[in-house]
*Asks:* 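The structure is given below, and queries will be raised subsequently.
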Amino acid sequence: MAADQFIPTDPPEEHTDDAAQVPPIPAAPRTPTGCFNTRAIDPGRIECLQILNASGHIEQGMDPGFSDETLKDVHRAMVLSRAFDARMLTMQRQGEMGTFAPNVGQEACMIGQVWPLTKDDWFAPSYRSFGAQIARGWPMDHLMKLWAGYHEGFAPPPGVNDYPFSIVIGSQVPPAVGTAMAMRRAGRSECVVVNFGDGAFSQGAVAESLNFAAVDKAPVVFVCENNGWAISTPLHKQTEVDALAVRGLGYGVPSIRVDGNDILAMMVAMRDACDRARSGEGPTLIEAVTFRMSLHTTADDPTVYRDEAHVDPWRKRCPIARLETLMMKQGAMAEGDGEAIRAECDQLVLAARDTFRAEAAAKPREVFDHLYASMPESLARQQDEYFKRLDRKGIE
Amino acid sequence: MAADQFIPTDPPEEHTDDAAQVPPIPAAPRTPTGCFNTRAIDPGRIECLQILNASGHIEQGMDPGFSDETLKDVHRAMVLSRAFDARMLTMQRQGEMGTFAPNVGQEACMIGQVWPLTKDDWFAPSYRSFGAQIARGWPMDHLMKLWAGYHEGFAPPPGVNDYPFSIVIGSQVPPAVGTAMAMRRAGRSECVVVNFGDGAFSQGAVAESLNFAAVDKAPVVFVCENNGWAISTPLHKQTEVDALAVRGLGYGVPSIRVDGNDILAMMVAMRDACDRARSGEGPTLIEAVTFRMSLHTTADDPTVYRDEAHVDPWRKRCPIARLETLMMKQGAMAEGDGEAIRAECDQLVLAARDTFRAEAAAKPREVFDHLYASMPESLARQQDEYFKRLDRKGIE
Amino acid sequence: MAQLTMVEALNLALDEALREDERVCLMGQDIGVNGGVFRVTKDLQARHGADRVMDTPLAECGIIGTAVGMAVYGMRPVAEIQFSGFTMQAFDQIEQNMARLRNRTQGRYPISMVMRTPFGGGIRAVEHHSESREAYWAHTPGLKCVIPSGPRNARALLRASIECDDPVVFYEPKAVYRAFREEVPESPETMELGKADVFRTGADITLISYGAMIRPVREAADDLADEYGIDCECIDLLTVSPIDTTTLVESVRKTGRCIIVHEGHRSCGIGAEVAARITEDAFEHLVAPVRRLTGFDIPFPYFQVEQHALPETDDIIAAARDAMNWD
Amino acid sequence: MAQLTMVEALNLALDEALREDERVCLMGQDIGVNGGVFRVTKDLQARHGADRVMDTPLAECGIIGTAVGMAVYGMRPVAEIQFSGFTMQAFDQIEQNMARLRNRTQGRYPISMVMRTPFGGGIRAVEHHSESREAYWAHTPGLKCVIPSGPRNARALLRASIECDDPVVFYEPKAVYRAFREEVPESPETMELGKADVFRTGADITLISYGAMIRPVREAADDLADEYGIDCECIDLLTVSPIDTTTLVESVRKTGRCIIVHEGHRSCGIGAEVAARITEDAFEHLVAPVRRLTGFDIPFPYFQVEQHALPETDDIIAAARDAMNWD
Ligand SMILES: Cc1ncc(C[n+]2csc(CCOP(=O)(O)OP(=O)(O)O)c2C)c(N)n1
Ligand SMILES: Cc1ncc(C[n+]2csc(CCOP(=O)(O)OP(=O)(O)O)c2C)c(N)n1
Ligand SMILES: [Mg+2]
Ligand SMILES: [Mg+2]
């Protein structure tokens, strides 16, 4: 007997015999067409935010009214991120860096997500978030140490509250929620922003985190940077849903999609989400839709698995160019300013490289130093053994 | 600056400058009221199914037309489950059983979820699903062995395809999906039903499973038996959402709520979901809304954490009584039949207990037997040591 | 002074910590109104509020992961995992963050947290409820693993673990939870972590153990003295990671013989490590090889047959007599 | 005969298995079009289809859990975890189902599956990409853990692991992936699991190792013979769980001295187990305690300083000379 044999012909009756305390289980609407013929939820109903459209114009009536100074700040941060990115690729190719994960094209997500944060707030980045890390106060030479395999690079610099980035996909998310839970208990109006990718969203730990944040009303903003790819895995192999934001709703976390190449939309959405968090309204999920323009990492060769044709349309959506169009139009930028800022940022990156080169030094004798607050005796014995080894090899 | 300062005053323009291949990111509807002022998804839109209402009447126009024989079968299975339940509690109190988890009140979920399954299909139960296990062909004496701490009890009986129940919450779900993935690859039209609780739905493994099933179009039906409690944790501390079914949609799994105390609704929903699975349409999530009437387990004392007042309204919703009302009305049952069936079921359980008592025997010499297909030499040496120990203690 | 069970002593330690240090908070499944399935957190939510004694959703990875994040912010969370078998669900957060975040941040974020969880067999529980996997923690750099054996040291060690600036896996031998009562002083007590306790001195053989196995070891030592004139030195490790090698080696240098007794699986277990260390450092004093009397390399047997898979008093006696006759 | 790298040899073994046994399937992140991040599964999806060589979502617990379920149905899945550091995400499914479901069902559902994953340091990778946690698997009853050391045995052992009726953790020493080429015969080859390989016989001292450490051990043995006249017997464990105790003990009974070399952490590591077993079974033949030359009990250091945290040839030489002078 098929499902449609029991299609109701009339609207169902209301029940009147349930006690008041019985949860409203068989509430309307009941399906008129069998159980599964309709998807009850239409992902299109997830709200989407774009303010600055792909041609650099503000959608009618949506101008958030950011000052020229603000636009200049975020613009410069985006340009700096891209300059760092390019230099790191070169340094990697020249053998000066380990594996590196570029974020070119994702600068609006990067900068927009940390823009509303104060020093007291926290940011938990993933490995591709270095643009945001720079904006949060991580010196570029410090980040170079990190990518070049020096332990010091992972220590948050003085005055910066943030987590170091997470290498294990998704593993930064539960601690980020925990930090937010601690903030709420401390009664401070601070918040945490945690970044993860479309691939990372498949990790059960991320789902658990949404749930913990929701039930605790933790002041955390989840930023899922959906760049369409997880190494070679395109979104449609990663998940059946089109909008990852839908997932937040399954855990009671208000969720929204944002055009991740639109810095204004990112700033506005993030500011609202952070305000919500700070005022005790709990977590928010922001799906920032963007695109991974370049390699997954320098160890990756995307030509093996994706067609450049997929990338091309996104070139037109460059978040920096889009912002520049707006700034030119509203006079926040003049002809030639772009070049000047780029040159200046390149210089900053080169200066950071010089500092990095001058300072970075392998410290093999420190690898036991930071594991425990006080080193257990048996570990100290291993350290002795290790030091003797270094002595024998003539290593400082 | 607050969110509402950028409320658009006009409907947004359509963009025309995006290349065709650009994913439809900033698609309408954009919010007219700030980012987060509306919950985009209304959990009420999840479909809900009830056929047999709490007074035992079929909702107008929804009669699935099950034959008297079918109703008698499922009724009997429900009564048998309850008889087993009661006897197990007694046996536990008398020291003959280990910790036991009653399912009284959840019989419609239990029986309804396995009713559409054939011998070739698979069922992956949780620890509270013994009613379903009996219906699937697990002899009751076998289940008694299981609960009494004998290894044999966990081995699926010959001819039964199922998983033994899972003690670790949620851990049965990924393998159940894997079995469904294997079925699809084998080209068989079989399906898997996997059962888990409202608490279990907080496990990341369950979220990962929904995603794997969706992308693989695996023939699996997820049954989340939402009985309102996970030990002492009520649903509202477990999650912020009212309808757990919403969660499935975040992974692209069609989802529905069903009145879990309505055997007809369970049968219909499960049959449809299994049909979907068998015909290649992929997974379905069914949230069966019911109530844990009794103890979490015999190790639990619910008076510590919940008010009997929460339980009372549910007494009226007894799934067996509700079905009996219908059966009486439609002549599938006559005055006195209920008593007779209950007595018969009690006898069956007592007979099973006798078999259990006659057969159950601790076999300490077998604990090494089934770990590996062929026992490694070093393990055999440990077994020798263990046998010598038993010899010394005079244990067979 | 009060005569307390281990459960009561742990409850006392938690209550004290909550009272004395506002950074301390508890989290776990059913630890609030219900007081935990073993009642270790009984009444603490009523006393300290639901924000400090939190019932969490049913997700261990979420529990440990968020506890780490609270510790990063400066709190001192004590997270309960209902049974040690379910720590597997949190393994990623334990290994990747709890154990390593301090090291990763070069000491910037100490992870001062405790993961409490009942372990071991002997209570006729179902599968996954009798695990003894302390060797996993001992093999995970960055963690400490502390195992009390009675009410008094349970209370003192738990306080010390909460005060410790490093992450501690506090492994509670559930077979001891209500097995006996012991005098526990009124005023707060702590004990140094990482120090073994020589609770009986002797000349002939060293018996090393911890947790619920201390009882049969003690009984065996008594019987061995009374019936066979074998004089045992008995050591309770109390911390299985880091191991107090010095105390162990000193003892075996004196006795020349050693048995290590534990419930956990043998291969790569604590016994392997203890045997290796003692052999390394006391080789010339050893009269017989260190003997391991441990759980076998099989899943913990179901409760009808679990008893004899655990080392019992007579097994220890037999092993000690064997060791005395070794040649 | 072809000269293959280990990556190519593994690819060959997988291709053969897919061709010869329709129950075999592969699953993992990026193993399809991309051929895996190390290219071990290169071209296999094109050859065998996306249903048999599956790209999975980014969730290790999901990968191992669903692979178990496929094995239950009678398939023989070979699941790749991209780096062994990420097996932590799947620990629950490994310990609770992969290792135990056969036992739980009294043999009714054998779990014939392989979890392949690259392990170890030496390739200048970032944190969590150089883990050596074979001791976790050795401490988990129900698993086997196989570790090849060169292209030829990698191919033979992988075939044997896929054919094995028990779950195998196949731990691939990624430092060896492209380190050298070796003759690999045309026709399929397998090797017995659980058998160590005495690849050099000698009278003075036994060097035990596995994986990427075999190279420095071999070099050290050569140098020790040439420069110091020390005659090493060298053993490649190949299977670290179960350990081939018999072969080890036989050797040490002959040589009286032993060093075990591995990358993994020391405490409760494979070295502890090997040392304990050898001491138990060859005590009277031991001239010196078994020496452990292993990774330290710290997270694997970042790549600027990783090199000296790994045992190198000269460290093995120094340890062997020490052992020869032991008193
Ligand atoms: C737990 C875990 N599994 C696998 C990996 C290997 N890995 C590194 S990056 C990556 C893809 C991540 O994709 P996504 O989350 O979308 O972030 P994106 O790289 O696009 O920024 C994978 C699989 C990892 N680092 N951690
Ligand atoms: C991974 C794991 N964590 C904790 C437990 C302990 N435990 C057993 S049953 C249970 C509650 C389960 O609730 P739910 O999933 O709603 O199922 P129900 O008991 O209501 O049928 C808990 C926490 C467990 N068995 N496994
Ligand atoms: Mg991505
Ligand atoms: Mg429940």
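Basis for what follows: all heavy atoms, side chains included, without hydrogens, waters or symmetry-related copies. Note that this is a predicted model, so its numbers are computed, not measured. Throughout, a chain's letter reflects where its sequence line sits, starting with A, and its residues are numbered from 1.
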*Asks:* Where does Ala99(D) contact chain B at under 4.5 Å (heavy atoms): side chain, backbone, both or neither?
*Replies:*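 The backbone, not the side chain.
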*Asks:* Heavy-atom cut-off 4.5 Å, strictly under: side chain, backbone, both or neither for Arg104(D) against chain B?
*Replies:*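 When you check distances to chain B, atoms from both the backbone and side chain of Arg104(D) fall under 4.5 Å.
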*Asks:* Can any side-chain N or O of Asp166(D) pair as donor or acceptor with the backbone N or O of Tyr372(B) at less than 3.5 Å?
*Replies:*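 No; judged by distance alone, with no hydrogens or angles, the pair does not exist.
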*Asks:* Which of the residues Val173(B), Asn161(B), Ile167(B) is involved in the greatest number of heavy-atom pairs with chain D at under 4.5 angstrom?
*Replies:*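 If we count pairs closer than 4.5 Å to chain D, Asn161(B) comes out on top.
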*Asks:* Report yes if some heavy atom in the side chain of Arg185(B) is under 4.5 Å from a heavy atom in the side chain of Tyr73(D); otherwise report no.
*Replies:*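 A side-chain contact is absent here, since even the closest heavy-atom pair is not under 4.5 Å.
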*Asks:* Under 4.5 Å heavy-atom distance to chain B, tell me which part of Arg277(D) shows up: side chain, backbone, both or neither.
*Replies:*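 Interface part for Arg277(D): side chain.
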*Asks:* Ile243(D) versus chain B, heavy atoms under 4.5 Å apart: side chain, backbone, both or neither?
*Replies:*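 Just the backbone, heavy atoms under 4.5 Å.
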*Asks:* Under 4.5 Å from any heavy atom of chain B, what part of Met98(D) do you find: side chain, backbone, both or neither?
*Replies:*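 Contact with chain B involves no heavy atom of Met98(D) at all.
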*Asks:* Heavy-atom distances under 4.5 Å only: say whether Ile63(D) touches chain B with side chain, backbone, both or neither.
*Replies:*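 For Ile63(D), the contact with chain B is made by backbone and side chain together.
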*Asks:* List the atom of Val367(B), the atom of Asn103(D), and the distance in Å for their closest heavy-atom pair.
*Replies:*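 For Val367(B) and Asn103(D), the tightest heavy-atom pair comes out as O-OD1, 4.4 Å.
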*Asks:* Side chain, backbone, both or neither: which part of Ala186(B) has a heavy atom under 4.5 Å from chain D?
*Replies:*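 The side chain, not the backbone.
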*Asks:* I need the residue from Pro376(B), Ala155(B), Ala176(B), Ala373(B) with the largest number of non-hydrogen atom pairs under 4.5 Å to chain D.
*Replies:*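 Highest number of heavy-atom pairs under 4.5 Å: Ala373(B).
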*Asks:* Under a 4.5 Å heavy-atom cutoff, which of Glu366(B), Gln172(B), Glu152(B) has the most pairs with chain D?
*Replies:*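 Highest number of pairs under 4.5 Å: Glu152(B).
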*Asks:* Could you look at Met70(D) and say if it's the side chain, the backbone, both or neither that has a heavy atom under 4.5 Å from chain B?
*Replies:*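 Interface part for Met70(D): both.
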*Asks:* Answer whether the closest heavy-atom distance between the side chains of Tyr109(D) and Pro156(B) falls below 4.5 Å.
*Replies:*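 When only atoms from C-beta onward are counted, Pro156(B) and Tyr109(D) do touch, with a gap below 4.5 Å.
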*Asks:* Salt-bridged, Asp281(D) to Arg381(B), with N to O below 4.0 Å?
*Replies:*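 Salt bridge: yes.
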*Asks:* What distance do Ile64(D) atom CD1 and Glu208(B) atom CD have between them, rounded to the nearest 0.5 Å?
*Replies:*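 Rounded to the nearest 0.5 Å, the CD1-CD separation comes out at 11.0 Å.
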*Asks:* Counting heavy-atom pairs closer than 4.5 Å to chain B, which one of Pro242(D), Gly107(D), Ala71(D), Ala59(D) comes out on top?
*Replies:*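 Heavy-atom pairs under 4.5 Å are most numerous for Ala59(D).
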*Asks:* With a 4.5 angstrom heavy-atom cut-off, could you sort out which part of Asn97(D) is near chain B: side chain, backbone, both or neither?
*Replies:*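 The answer is the side chain of Asn97(D).
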*Asks:* With a 4.5 Å cut-off on side-chain heavy atoms, are Thr105(D) and Phe154(B) touching?
*Replies:*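 In short, these two side chains do not touch, never coming nearer than 4.5 Å.
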*Asks:* Evaluate whether atom NZ of Lys388(B) has more than 12 neighbouring non-hydrogen atoms of other residues, nucleotides or ligands under 6.0 angstrom away.
*Replies:*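 Incorrect, the count does not exceed 12.
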*Asks:* Which residue out of Val68(D), Asp165(D), Asp51(D) racks up the most heavy-atom pairs below 4.5 Å with chain B?
*Replies:*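 Highest number of heavy-atom pairs under 4.5 Å: Asp51(D).
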*Asks:* Most heavy-atom pairs under 4.5 angstrom with chain B, which of Met75(D), Lys144(D), Met54(D)?
*Replies:*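 Among the listed options, the one with the most contacts to chain B is Met54(D).
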*Asks:* Of all of Gly142(D), Ser241(D), Cys25(D), which one pairs up most often with chain B through heavy atoms under 4.5 Å apart?
*Replies:*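 Heavy-atom pairs under 4.5 Å are most numerous for Gly142(D).
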*Asks:* Considering only heavy atoms, which portion of Glu190(B) lies under 4.5 Å from any heavy atom of chain D: side chain, backbone, both, or neither?
*Replies:*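 For Glu190(B), the side chain is the part near chain D, not the backbone.
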*Asks:* Can you tell which part of Pro57(D) gets under 4.5 Å to a heavy atom of chain B, answering side chain, backbone, both or neither?
*Replies:*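 When you check distances to chain B, atoms from both the backbone and side chain of Pro57(D) fall under 4.5 Å.
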*Asks:* Determine the minimum heavy-atom distance between Gln93(D) and Ser171(B), stating which atoms define it.
*Replies:*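 Result for this residue pair: NE2-O, 3.1 Å.
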*Asks:* More than 12 foreign heavy atoms under 6.0 Å from CD of Glu22(D): is that the case here?
*Replies:*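 12 or below, so no.
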*Asks:* Do you know which two heavy atoms are closest between Leu371(B) and Arg102(D), and how far apart they sit?
*Replies:*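 Looks like O-CD, 3.4 Å.
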*Asks:* At a 4.5 Å cut-off on heavy atoms, which part of Val194(B) comes close to chain D: side chain, backbone, both, or neither?
*Replies:*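 Contact with chain D involves no heavy atom of Val194(B) at all.
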*Asks:* Hey, are the side chains of Pro164(B) and Arg108(D) touching, using non-hydrogen atoms and a 4.5 Å cut-off?
*Replies:*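 A side-chain contact under 4.5 Å is absent here.
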*Asks:* Count the heavy-atom pairs under 4.5 Å between each of Val168(B), Leu379(B), Asp216(B) and chain D, then report the option with the highest count.
*Replies:*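 The candidate making the most pairs under 4.5 Å is Val168(B).
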*Asks:* Can a side-chain donor-acceptor contact be found between Glu377(B) and Thr246(D) if the only test is distance below 3.5 angstrom?
*Replies:*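 Side-chain D/A pair, Thr246(D) to Glu377(B): present.
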*Asks:* Heavy-atom distance under 4.5 Å to chain D: side chain of Ser209(B), backbone, both or neither?
*Replies:*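 Neither the backbone nor the side chain of Ser209(B) comes within 4.5 Å of chain D.
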*Asks:* As an exercise, state the distance from CZ of Phe212(B) to OG1 of Thr66(D), rounded to the nearest 0.5 Å.
*Replies:*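 Between Phe212(B) CZ and Thr66(D) OG1, I get 5.0 Å after rounding to 0.5 Å.
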*Asks:* What pair of heavy atoms forms the shortest contact from Cys61(D) to Ala205(B), and how long is it?
*Replies:*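 Of all heavy-atom pairs spanning Cys61(D) and Ala205(B), the closest is SG-CB, 3.8 Å.
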